[in-house]
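Positions are given from 1, in the same order as the sequence printed here.
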Amino acid sequence: MARREGEQVAASPVPRGRLDKRQAILEAAFDVFAREGYGPASVEVIATAAGAAKHTVYNHFGDKLGLLRAVIAAEAERTVTRNLAALDGLRAPAPDVRTALETTGFRLLQCFNDDRSSAMRRLVYAEIAQAPDLLDLLQGQTVDTVTETLADRLARLALAGQLSLDDPVEAAEQLKALLVGPTEGRSRLGTRHVPDADLRKVARSAVATFLRAFGPGTRPL
């Protein structure tokens with residue numbers, strides 16, 4: 001039947017099987033890249049692990065580097081979802097702002113110290129020389145989104161009189177640095193798991209320092 005002028009045609013849905021196959025390849029690729037590293041990893045091994053033909057991997061992702069970019073993008077999306085959930089406790093003023101910040105800080109560090117998150121960062125760091133856009137991908141999809149959301153939460157606490165700050169984004173960046181810096185060192189750049197007890201200690205120390213600068217009654221920096 002001929003289409004009338006101006007008539008819009010709905011886009012054909014992507015077949016469920018194709019989506020499932022793509023996801024299977026991404027999961028297999030992440031496991032192989034994390035275990036073997038990007039360079040030594042074989043597309044053939046990834047295809048076998050995903051139950052797919054080698055040409056199917058290339059049809060979906062173009063080449064091996066395109067597959068790595070897709071893996072990082074998928075993991076970044078998963079990571080940012082977990083991080084945003086960790087910030088839910090700061091949506092509204094809490095009876096004890098110190099406890100609320102410590103709890104949130106600990107949950108953020110659990111996300112940061114997660115095996116998959118650590119593996120994703122190692123992959124990005126290792127391949128940044130040949131594909132600097134991987135860092136932009138990680139920064140844009142995860143780091144910036146989490147910073148902006150944390151800044152919003154801190155601004156709400158400031159409006160409620162529980163913090164004293166002029167620049168919520170700057171305060172969020174400083175709190176994240178206080179959390180991530182010690183953890184990155186303790187984990188040896190994501191190559192060693194840090195126990196929850198240590199993460200709680202880092203969170204307490206970070207919040208104590210943060211409140212000395214931005215606590216209620218302090219003069220904003």
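Think of V180 as one node in a network of Ile, Leu, Val, Met, Phe, Trp and Tyr side chains linked at under 4.5 Å; its network also takes in F112.
Pairing each heavy atom of A171 with each of L165, the nearest pair is CB-CD2, 3.9 Å. Shortest non-hydrogen contact noted between A24 and A50 is O-CB, 3.6 Å. The shortest heavy-atom contact between V71 and A29 is CG2-CB, 3.7 Å. Closest approach of A28 to I46, counting heavy atoms only: CB-O, 3.7 Å.
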Subject >> Derivation of the side-chain contact (heavy atoms from CB on, under 4.5 Å) call for L163 and L211 >> reply: CA-CA 8 Å; L163 292 177; L211 288 178; 3.7 Å; yes
**OP:** Could you give me the CA-CA distance, side-chain angles and deciding distance for K176 and T147, then say whether side chain to side chain donor-acceptor pair (under 3.5 Å) is met?
**Re:** CA-CA 8 Å; K176 284 179 58 183; T147 299; 2.6 Å; yes
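Taking OG of S118 as the reference point, atom CZ of R192 lies at 12.0 Å (rounded to 0.5 Å). We find the CD-CG distance between Q23 and D20 to be 8.5 Å, quoted to the nearest 0.5 Å. Considering SG of C111 and CG of L199, their distance stands at 10.5 Å, rounded to 0.5 Å. Here L123 contributes atom CG and L138 contributes atom CG; the two are 11.0 Å apart, rounded to the nearest 0.5 Å. The CD atom of E173 lies 7.5 Å from the CG atom of D167; values are rounded to the nearest 0.5 Å. Taking CG of L179 as the start and CG of L150 as the end, the distance is 8.5 Å to the nearest 0.5 Å.
With sequence neighbours excluded, the residues satisfying side chain to side chain contact (heavy atoms under 4.5 Å, CB included) with A73 are L137, Q141. With sequence neighbours excluded, no residue forms a salt bridge (Lys or Arg N to Asp or Glu O under 4.0 Å) with D63. F210 is linked by a ring-ring contact (aromatic ring centres under 6.0 Å, His included) to F214, counting only residues two or more places apart in sequence or in another chain. The side chain to side chain contact (heavy atoms under 4.5 Å, CB included) search around A70 returns R22, L26, F61, not counting sequence neighbours. Under the rule for a side-chain hydrogen bond (donor to acceptor under 3.5 Å, both in side chains), T145 has no partner lying at least two apart in sequence or in another chain. For T209, the side chain to side chain contact (heavy atoms under 4.5 Å, CB included) partners two or more places apart in sequence, or in a different chain, are L178, R212. Checked against side chain to side chain contact (heavy atoms under 4.5 Å, CB included), D144 has the following partners two or more places apart in sequence or in another chain: Q139, E148.
In R188, the CZ atom is not crowded: 12 or fewer heavy atoms of neighbouring residues, nucleotides or ligands sit closer than 6.0 Å. For K201, the NZ atom sits in a loose shell: 12 or fewer heavy atoms of surrounding residues, nucleotides or ligands are nearer than 6.0 Å.
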Give every donor-acceptor pair under 3.5 Å between a side-chain atom in residues 81-95 and any protein atom, sequence neighbours left out.
residue, atom, partner, partner atom, Å
T81, OG1, E77, O, 3.0
R82, NH1, D114, OD1, 3.3
N83, ND2, T79, O, 2.8
D88, OD1, R91, NE, 3.2

Scan the side chains in residues 125-136 for donor-acceptor partners under 3.5 Å anywhere in the protein, sequence neighbours excluded, and list what turns up.
residue, atom, partner, partner atom, Å
Y125, OH, E184, OE2, 3.3
E127, OE1, Q130, NE2, 2.7
D133, OD1, R69, NH2, 3.3
D133, OD2, R69, NE, 2.6

What pairs of donor and acceptor atoms, side-chain ones from residues 30-44 against any protein atom, are under 3.5 angstrom apart with sequence neighbours left out?
residue, atom, partner, partner atom, Å
Y38, OH, L65, N, 3.2
S42, OG, E44, N, 3.1
S42, OG, V45, N, 3.3

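Within the structure, side chain to side chain donor-acceptor pair (under 3.5 Å) contacts touching residues 96-111 (residues at least two apart or in different chains) are D96-T99, Q110-D196.
You'll find the side chain of R200 reaches within 4.5 Å of the side chain of R204, heavy atoms only. Side-chain atoms of R78 and S117, non-hydrogen and from C-beta on, do get closer than 4.5 Å to each other. For the pair H60/T56, a side-chain contact is recorded, criterion being any heavy-atom separation below 4.5 Å from C-beta on.
In this structure, L108 is not a member of the same hydrophobic cluster as M120, with clusters built from ILVMFWY side-chain heavy atoms closer than 4.5 Å.
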